[in-house]
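Working notes, structure below.
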Amino acid sequence: MRDVLPWREPVPLDGTMGEPRARGRFGEYGGQYAPESLVEACREVDEAFREAWADPGFRGALARLLAVHAGRPTPLTPARRLSEALGVQLYLKREDLTHTGSHKINNVLGQALLATRMGRRRLIAETGAGQHGVATATAAALLGLEATVFMGERDIERQALNVFRMRMLGAEVVPVTTGSRTLKDATSEAMRHWVGATGDSHYCIGSVVGPDPYPWMVREFQRIIGDEARGQFAAELRTGVPDYVVACVGGGSNAAGTFAGFADTPARLVGVEAEGGAGAARGRLGVLHGCRSLFLQDDDGQITQAHSIAPGLDYPGVGPEHAHLRDLGRARYVTVTDDEAVGAAVRLARTEGIVPALESAHALAWVIHAAGSGDLPAGSTVMMTLSGRGDKDVSTLKELL
Ligand SMILES: *Cc1c(COP(=O)(O)O)cnc(C)c1O
């Protein structure tokens, strides 16, 4: 467990986690580092998204999809036995209970609905472990779109079940054989493919990364997590706001959506990264996949491969808005090892009857550690986003336990 950055007093940020500045800037991060043809395609997505997001008709249609198809609102569950053991009051925002089992569906339904509004007939997506690919294939089937999912050859071998699920849902899965044959290469390949298909296809990015407008559009589609939780807290607690708001960070979409609901309050925001994928905690300034942000790099500035037991945290960078929140001191980013995450997953299973995704278990591992070390004062109220369920991880866990 490494806590890389000093804790500063949280400043409520009015107006942050709103729109980025011109050309998608969050402080010195973000932007649109893309070839000319993609800049034009991104401009079209930006224009369509702004229009749609201001249109009550679009908002209503998305809210209905999220309710009747994805199972929203998700509950806010008090973790009673674990809270008692830790000496804090822990509440879990249950994204694991959504259709397909993680928060990814929130973003994908938003982008799929936007694609139909733009007259596109196909979704293009990248996927690492296959979770975003499965969510994209699901949304495409629901709305009558085609789906083409790029996936590294190595990931295809490691994630056979999700490859089958995508094909079962009618998606085409395209193996990527370049580079390390994992997520980073699949993303590059998906973007390259989009260049030649912008007329009829929408590129559905799975996290708060990529060129403008994706980082803030994906955050807006995920802010339902934070907004719902804020309302549920107001109903449950007299103060209405938890002391701490915690979420795991891969690219950073479930954390950004969670933080967005609390950025203008005194709640302390904590993003938990994998020790081997700590873009926010240990990355350096760089450009990847159309965006300036913090990335893990070697001494020559080459972006390196991330490593985590949780496939969704296996990304060498972090979304630009997190880099900015880190610089501002508004959010704090900490890291957790594979072993700590596995331990936390087992503990949640045995105290609350919930098997979490290994990604989400990282957030919990920090809560457990911080409650023990006094970093979380006794009696604190903690709201943690449980980003997904652990069914996908049982074979990994089975080998370890
Ligand atoms: C993909 C995934 C993550 C990481 O992605 P973010 O964009 O950082 O949210 C976390 N948890 C689960 C369950 C995931 O599937």
Side-chain angles (χ1 to χ4, degrees), residues 1-8 24-35 38 126 128-129 150-155 158 176-192 205-212 214-215 248-253 255 270-329 331-341 359 362 365-366:
M1 179 87 48
R2 297 252 299 273
D3 193 351
V4 181
L5 291 162
W7 191 235
R8 279 179 247 168
R25 292 285 173 187
F26 300 95
E28 60 173 315
Y29 310 102
Q32 222 175 43
Y33 296 82
L38 281 196
E126 78 294 332
F150 290 83
M151 191 169 183
E153 212 173 31
R154 272 188 62 205
D155 289 332
R158 292 189 289 191
V176 174
T177 55
T178 50
S180 57
R181 297 175 291 140
T182 57
L183 177 61
K184 180 155 82 69
D185 314 288
T187 308
S188 307
E189 203 52 44
M191 290 184 85
R192 204 168 302 142
I205 298 187
S207 190
V208 285
V209 298
D212 179 57
Y214 284 94
C248 66
V249 175
S253 67
V270 182
V272 186
E273 300 189 286
E275 180 69 32
R282 275 198 287 288
R284 285 191 283 135
L285 194 61
V287 171
L288 181 69
H289 301 142
C291 165
R292 190 169 141 108
S293 192
L294 298 171
F295 299 97
L296 299 177
Q297 299 172 46
D298 64 19
D299 292 339
D300 299 326
Q302 292 292 326
I303 289 165
T304 56
Q305 186 71 22
H307 293 287
S308 170
I309 195 169
L313 305 187
D314 224 343
Y315 186 73
V318 71
E321 190 166 32
H322 286 292
H324 184 49
L325 290 172
R326 181 196 89 149
D327 285 3
L328 292 172
R332 172 191 188 191
Y333 295 86
V334 296
T335 67
V336 156
T337 65
D338 287 355
D339 288 349
E340 289 169 320
E359 291 84 0
H362 281 70
W366 180 79

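- With values rounded to the nearest 0.5 angstrom, Leu294 atom CG is found 6.5 Å from Leu285 atom CG.
- Ring planes of Phe26 and His324: tilted class, angle from 30 to 60°.
- Salt-bridge annotation for Arg282 and Glu275: present, with a side-chain N of the basic residue lying under 4.0 Å from a carboxylate O of the acidic one.
- Listed by chain and residue number, Tyr203 satisfy the side-chain hydrogen bond (donor to acceptor under 3.5 Å, both in side chains) test with Glu126 (two or more places apart in sequence, or in another chain).
- Leu313 places a side-chain heavy atom less than 4.5 Å from the side chain of His362.
- The only option from His289, Lys184, Glu273 that meets the side chain to side chain donor-acceptor pair (under 3.5 Å) definition with Tyr315 turns out to be His289.
- Ser180 approaches Asp185 most closely through the heavy-atom pair OG-OD2, 2.7 Å.
- Here the shortest heavy-atom pairing between Gly286 and Phe295 reads O-CE1, 3.4 Å.
- The two atoms that bring Ile309 and Asp338 nearest to each other are N-OD1, 3.1 Å, heavy atoms only.
- Nearest approach of Ala255 to Cys248, heavy atoms of both residues: CB-O, 3.6 Å.
- Looking at Asp212, its side chain never comes within 3.5 Å of a backbone N or O of Gln32 through a donor-acceptor pair.
- In this view, Arg25 satisfies the salt bridge (Lys or Arg N to Asp or Glu O under 4.0 Å) rule with no residue, not counting sequence neighbours.
- Taking Tyr29 as the reference, nothing meets the ring-ring contact (aromatic ring centres under 6.0 Å, His included) condition, with sequence neighbours excluded.
- Once rounded to the nearest 0.5 Å, the distance linking OG1 of Thr178 with CD of Glu189 reads 5.0 Å.
- In this structure Asp155 satisfies the salt bridge (Lys or Arg N to Asp or Glu O under 4.0 Å) test together with Arg158, sequence neighbours excluded.
- Between the OH atom of Tyr33 and the CG atom of Leu288 there is a distance of 13.0 Å, given to the nearest 0.5 Å.
- When atom types are taken as modelled, the side chain of Glu359 and the backbone of Gly312 share a donor-acceptor pair closer than 3.5 angstrom.
- Taking each heavy atom of Val287 and Ile303 in turn, the nearest pair found is O-CD1, 3.9 Å.
- Taken to the nearest 0.5 Å, the OH atom of Tyr214 stands 5.5 Å off from the CD1 atom of Ile205.
- Residue pairs that meet the salt bridge (Lys or Arg N to Asp or Glu O under 4.0 Å) test with at least one member in residues 289-308, sequence neighbours left out, are Glu28-Arg292.
- Counting all heavy atoms, side chain and backbone alike, Asp314 lies closest to Leu183 at O-CD2, 4.5 Å.
- Under the side-chain hydrogen bond (donor to acceptor under 3.5 Å, both in side chains) criterion, Ser293 pairs with no residue, sequence neighbours left out.
- In this structure, a donor-acceptor pair under 3.5 Å is absent between the side chains of Thr177 and Glu153.
- Not a single donor-acceptor pair under 3.5 Å links the side chain of Ser207 to the backbone N or O of Val209.
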